[in-house]
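On a predicted model such as this, the values are computed, not experimentally measured, just so you know.
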Amino acid sequence: MSETSPKLRAEMEGIPTYKPGKPAAAGGPVAYKLSSNENPYPPLPGVLETVTAAACNFNRYPDMACSGLMNELSERFGVPLSHLATGTGSVGVAQQLIQATSGPGDEVIYAWRSFEAYPIITQISGATSVQVPLTSGDVHDLDAMADAITDRTRLIFVCNPNNPTGTVVRRAELERFLDRVPGDVLVVLDEAYREFIRDPEVPDGVGLYRDRPNVCVLRTFSKAYGLAGLRVGFAIAYEPVAAALRKTAVPFGVSQLAQEAAIASLRAEDELLGRVGSLVCERTRVVDGLRAQGWTVPETQANFVWLRLGERTVPFAEVCEQAGVVIRPFPGEGVRVTVGETEANDIFLKVAEGFRKEL
């Protein structure tokens with residue numbers, strides 16, 4: 001047998017592996033999963049019934065154009081159909097954006113730490129990552145990001161709220177940044193957690209896109225809408241960008257079940273916003289509780305909190321797991337903890353209090 005192996009692209013060497021949130025151990029002591037920023041609530045009323053009915057036809061290919069969902073999104077956001085594209089979650093659309101804009105010799109700018117998929121999908125395309133450190137307050141340093149733009153820059157990600165820190169950039173600073181970005185560089189406003197924002201100074205990216213052809217807005221049904229397991233996201237962008245996204249999409253990537261569930265979820269938005277409001281109240285309770293214990297917690301506008309723990313990150317995550325909650329550690333940096341069920345949040349707060357006293 002030959003000792004040689006198929007030649008792969010050099011870019012495949014050293015690509016970091018995406019690390020999903022650790023699941024709760026089946027049958028073990030762990031009861032709650034606070035590691036993946038999932039919505040703890042079950043599907044919205046009517047959504048499960050819609051998906052069940054759609055399942056009767058999964059021997060057929062889905063609507064490749066996602067026509068029903070595209071029409072619903074067009075009406076919901078007041079944008080032309082030609083300015084929309086769908087994909088397998090917002091991360092799938094993000095990868096399509098890089099495929100459409102960036103290759104060897106090109107640069108992709110994003111804050112760090114930010115969404116851990118950015119370096120992966122950038123390296124896969126053969127482009128070069130330009131990581132700009134967050135400020136001391138764990139916020140995007142937009143001035144430094146603008147300074148990092150070169151004639152090789154093709155795409156910039158602005159994750160707002162930022163994952164994993166939950167911090168935001170506000171209207172004045174974001175508009176000032178966008179004014180500095182050349183018109184031929186695409187700025188992607190990744191708004192996966194948009195529905196959880198309560199700060200009125202944080203702009204809706206859709207409003208910014210309307211008069212800026214180089215702005216693209218990413219959204220997902222995985223977080224607030226509770227459809228993480230169905231993988232459906234979308235982008236709003238001017239026609240050249242949206243058309244490129246449709247060209248780079250995996251054919252039939254968004255299942256019919258996902259399409260129907262997303263439509264039903266949009267139509268149940270009033271109930272959705274009620275659930276999101278409950279999670280925001282829990283978020284406030286968790287943040288206030290942590291600060292009362294003496295923790296430094298960045299202001300979060302997402303459905304999670306960030307604790308910068310440095311070398312104590314992994315021990316803290318281990319103590320949480322032993323107590324019954326799984327959280328997301330970033331070794332050497334900190335932990336991201338999803339706001340979940342009240343009972344899970346209570347366990348987490350109790351663990352944090354005990355850990356703090358031992359420092």
Any carboxylate oxygen within less than 4.0 angstrom of a Lys/Arg side-chain nitrogen, looking at Asp204 and Arg219? yes
Side chains of Arg328 and Ser36: do they bring a donor and an acceptor to under 3.5 Å? no
Asn160 to Val168 - nearest heavy-atom pair and separation: OD1-CA, 3.1 Å
Considering only NZ, NE, NH1 and NH2 on the basic side and carboxylate oxygens on the acidic side, decide whether Arg356 and Glu353 come within less than 4.0 Å. no
Donor-acceptor check, side chain of Gln301 to backbone of Arg198, threshold 3.5 angstrom: yes or no? yes
For Val169, the option from Leu142, Asp141, Leu189, Asn162 that meets side chain to side chain contact (heavy atoms under 4.5 Å, CB included): Leu142
Salt bridge (Lys or Arg N to Asp or Glu O under 4.0 Å) partner of Arg170, the single match among Glu299, Glu201, Glu175: Glu299
Just by distance, do the side chain of Thr313 and the backbone of Gly334 share a donor-acceptor pair under 3.5 Å? yes
Centroid-centroid distance, Phe77 to Phe234, less than 6.0 Å: yes
Distance-minimising heavy-atom pair for Pro213 and Tyr238: CA-CD1, 3.4 Å
Is the CD atom of Glu75 crowded by more than 12 outside heavy atoms at less than 6.0 Å? no
Can you tell me if Phe58 has over 12 outside heavy atoms packed within less than 6.0 Å of its CZ? no
How far apart are the closest heavy atoms of Arg231 and Val91, and which atoms are they? NH2-CG1, 3.7 Å
Check Asp138 with Arg113, please: is the shortest side-chain N to carboxylate O separation under 4.0 Å? no
Minimum heavy-atom separation for Cys66 to Thr86, with atom names? SG-OG1, 3.3 Å
Parallel, tilted or perpendicular for Tyr118 and Tyr110, by the 30°/60° rule? tilted
Take the angle between the ring planes of Trp295 and Phe316 and call it parallel below 30°, perpendicular above 60°, tilted in between. perpendicular
Is the backbone of Gly205 close enough, under 3.5 Å, to the side chain of Glu191 for a donor and an acceptor to pair up by distance? yes
Has the side chain of Gln256 got a donor or acceptor atom that lies under 3.5 Å from a matching backbone atom of Asp63? yes
Salt bridge flag under 4.0 Å for residues Arg336 and Glu116: no
Considering all heavy atoms of both residues, which atom of Pro164 and which atom of Phe304 are nearest to each other, and what is their separation? O-CE1, 3.1 Å
Taking Arg212 for its side chain and Gly207 for its backbone only, find out whether a donor-acceptor pair lies under 3.5 Å. no
Kindly say whether Glu318 contributes a backbone atom to a donor-acceptor pair with the side chain of Glu321 at under 3.5 angstrom? no
